[in-house]
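In the text below, chain A, chain B and the rest are named by the order of the sequence lines, each starting its count at 1.
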2 protein chains.
Amino acid sequence: MAKKNYQREDVLDKVITLFWQQGYAASSVQQITKATGLKPGSIYHEFESKEKLFQEALARYASSSIGSIHQKMANTSNVNEGIKQILTDLIEQSKACDYCGCFLIKTQLELASQGNSLYKFASEQLANIEKIYTQYLSLTYSEVQAKAYAAQLMTVIFGIRIYGYQADSANTIIQTINALLPWLNEH
Amino acid sequence: MAKKNYQREDVLDKVITLFWQQGYAASSVQQITKATGLKPGSIYHEFESKEKLFQEALARYASSSIGSIHQKMANTSNVNEGIKQILTDLIEQSKACDYCGCFLIKTQLELASQGNSLYKFASEQLANIEKIYTQYLSLTYSEVQAKAYAAQLMTVIFGIRIYGYQADSANTIIQTINALLPWLNEH
DNA sequence: AGCTTTTTTGAACAATCATTCAAGTGGTGT
DNA sequence: ACACCACTTGAATGATTGTTCAAAAAAGCT
């Protein structure tokens with residue numbers, strides 16, 4: 001077979017799972033070939049290097065995450081309700097036994113010390129997500145207030161993503177969020 | 001020289017820096033020998049394996065962190081003031097150009113997927129820290145309230161630890177904390 | 001059919017990985 | 001002075017790392 005027997009996006013999705021769970025350094029090319037079904041040669045033919053592959057997987061994850069935010073916002077009656085829905089879904093995710101937090105956060109932590117460009121990318125994407133929340137909150141609140149609320153929201157989301165690793169944390173987290181972000185229940 | 005020309009704790013301190021910055025997988029034995037000045041043979045003579053060495057380094061970091069909490073609490077007039085001091089110090093740390101967050105959190109994220117025992121240890125230590133905060137808060141508040149506040153505090157601390165990676169985040173974080181944890185300014 | 005192009009294959013690459021070990025070194029106790 | 005012990009040394013271990021490449025295989029084009 002000389003024609004591609006795979007699709008770039010399918011490969012990326014499988015590779016996202018691997019990198020997301022194990023991180024960059026702990027994911028070997030051997031594991032990548034097993035997870036995707038592609039031989040090393042094909043991997044390097046399609047994606048220049050392990051780093052480039054990771055970069056692309058991370059970018060796909062980021063754009064999917066951002067898309068998911070917009071979608072959830074569109075499906076709810078108002079901004080605060082949308083944010084509450086997003087937070088609820090985050091908590092739901094943390095119940096899974098194979099919970100592995102947020103790919104962007106993990107990448108940021110793993111690769112920060114190396115001054116790696118992947119770190120910068122992850123960091124920028126997280127900053128971008130904050131900006132998106134700021135824009136949505138600007139629909140209801142003043143610009144200053146929206147910025148402040150978005151920063152609070154990001155801090156709490158970061159907190160949840162780490163707290164979620166604790167056993168049986170879901171119930172506690174819900175109450176914690178309500179206490180930390182009382183303005184979410186306005187209206 | 002046939003007598004030890006190093007001290008266990010000095011080696012651990014140097015190794016903590018390395019593992020803390022780079023994580024477990026990305027830190028090679030070669031780097032460990034360079035950072036400590038010990039040859040591979042000595043490392044394995046003193047510490048059974050890379051994993052055992054990491055374990056011990058992480059334990060030392062954890063007990064040092066906990067000690068630091070108690071110390072700061074002892075040096076301030078009341079519990080809330082102590083917590084504010086701890087948070088202020090966290091923010092100060094995040095200004096450093098080689099900021100690398102919290103070793104326990106990083107370990108938890110890196111090693112969670114492997115069901116590694118190091119992950120459990122890190123997770124337990126973080127839970128332990130929450131318990132410590134709960135005890136301190138119980139001096140001022142009811143047991144229920146103290147538990148709730150401690151959970152909020154941990155969530156915010158986790159949030160700060162991640163948010164701290166964003167460029168120039170220190171000023172924003174201070175305002176965010178004041179908004180998220182208004183009860184810190186009681187009295 | 002024949003030529004070109006694209007993709008797959010799987011072995012092979014040098015480098016690095018964590019770990020081991022026999023030999024060397026020097027202080028301690030007798 | 002001698003044996004013993006604790007520790008250091010540095011080379012060597014086999015396994016695994018990320019990456020390359022020549023050869024094969026299949027489709028498109030003329």
Side-chain angles (χ1 to χ4, degrees), chain A residues 1-59 107 110-111 113-119 121, chain B residues 1-59 107 110-111 113-119 121:
Chain A
M1 8 157 166
K3 271 279 161 273
K4 251 194 235 183
N5 57 0
Y6 58 86
Q7 283 203 292
R8 208 157 216 273
E9 296 145 10
D10 296 340
V11 175
L12 284 174
D13 284 335
K14 286 171 184 166
V15 148
I16 284 175
T17 307
L18 184 69
F19 280 135
W20 188 355
Q21 285 176 347
Q22 312 207 345
Y24 179 75
S27 303
S28 68
V29 174
Q30 199 172 335
Q31 287 176 309
I32 293 170
T33 61
K34 185 179 283 182
T36 60
L38 299 192
K39 309 292 173 185
S42 295
I43 298 278
Y44 279 81
H45 177 74
E46 185 74 25
F47 312 92
E48 204 168 339
S49 64
K50 182 187 166 189
E51 185 169 335
K52 286 270 171 62
L53 173 59
F54 186 91
Q55 150 88 30
E56 202 157 333
L58 188 61
T107 300
E110 183 187 359
L111 302 177
S113 74
Q114 309 170 27
N116 197 312
S117 70
L118 295 172
Y119 154 68
F121 177 77
Chain B
M1 9 158 163
K3 272 277 162 278
K4 249 194 241 186
N5 56 1
Y6 58 87
Q7 281 203 293
R8 207 158 218 270
E9 296 145 9
D10 294 340
V11 175
L12 284 174
D13 283 336
K14 285 172 184 165
V15 148
I16 283 175
T17 306
L18 185 69
F19 280 135
W20 187 356
Q21 284 176 348
Q22 313 208 346
Y24 179 74
S27 302
S28 70
V29 173
Q30 199 173 329
Q31 288 176 310
I32 293 171
T33 62
K34 185 179 284 183
T36 60
L38 299 192
K39 308 291 171 186
S42 295
I43 298 277
Y44 279 82
H45 176 77
E46 185 74 26
F47 312 92
E48 205 168 339
S49 65
K50 182 187 165 187
E51 184 169 336
K52 286 270 171 64
L53 173 59
F54 185 92
Q55 149 88 31
E56 202 157 334
L58 188 61
T107 301
E110 183 186 359
L111 303 176
S113 74
Q114 310 170 26
N116 196 312
S117 70
L118 294 173
Y119 154 67
F121 177 78

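For the pair B:Ile43 CD1 and D:dG10 P, the computed distance is 14 Å after rounding to whole Å. Atom pair B:Glu48:CD and C:dT20:C1' shows a separation of 13 Å (rounding to whole Å applied). For the pair B:Lys52 NZ and C:dT19 C1', the computed distance is 14 Å after rounding to whole Å. To the nearest angstrom, C1' of D:dT19 lies 14 Å from CD of A:Glu51. To the nearest angstrom, P of D:dT8 lies 12 Å from CD of B:Gln7. As rounded to whole Å, 8 Å separates atom P of C:dT9 from atom CG of A:Leu38. When the P atom of C:dT7 is taken as reference, atom NE2 of A:His45 falls 4 Å away, rounded to whole Å. Between the CG atom of A:Leu53 and the P atom of D:dT17 there is a distance of 15 Å, given to the nearest Å.
Screening residues 40-49 of chain B for salt bridge (Lys or Arg N to Asp or Glu O under 4.0 Å) gives B:Lys4-B:Glu46, B:Arg8-B:Glu46, B:Glu48-B:Lys52 as the qualifying pairs, with residues at least two apart or on separate chains. Among residue pairs with one or both ends in residues 13-35 of chain B, those qualifying as salt bridge (Lys or Arg N to Asp or Glu O under 4.0 Å) are B:Asp13-B:Arg60; sequence neighbours excluded.
Comparing atom distances between the A:Lys39 side chain and each of D:dC7, C:dT8, C:dT9 picks out C:dT9 as nearest. Checking D:dT9, C:dT7, C:dT19 against the side-chain heavy atoms of B:Pro40 singles out C:dT19 as nearest.
Distances shown here put every side-chain N or O of B:Ser42 at or beyond 4.0 Å from the OP1 or OP2 atom of D:dC7. Contact annotation: A:Asn5 side-chain N/O to C:dT7 OP1/OP2 distance is not under 4.0 Å.
Here the shortest heavy-atom pairing between A:Glu56 and A:Phe47 reads OE1-CD2, 3.9 Å.
In this structure, the side chain to side chain contact (heavy atoms under 4.5 Å, CB included) partners of B:Gln55, at least two apart in sequence or on a different chain, are B:Leu118, B:Phe121. Partners of A:Gln31 under the side chain to side chain donor-acceptor pair (under 3.5 Å) rule, at least two apart in sequence or in another chain, are A:Gln22. Residues passing the ring-ring contact (aromatic ring centres under 6.0 Å, His included) test with A:Phe19, sequence neighbours excluded: A:Phe54.
At the heavy-atom level, B:Tyr6 lies under 4.0 Å from the strands shown only through sugar-phosphate atoms.
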Whether each nucleotide of nucleotides 13-18 of chain C has a protein heavy atom under 4.0 Å at its base (B), only at its sugar-phosphate (S) or at neither (-) is summarised, 5' to 3', as ----SS
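In the displayed structure, B:Gln30 atom CD is contacted under 6.0 Å by at most 12 heavy atoms of other residues, nucleotides or ligands.
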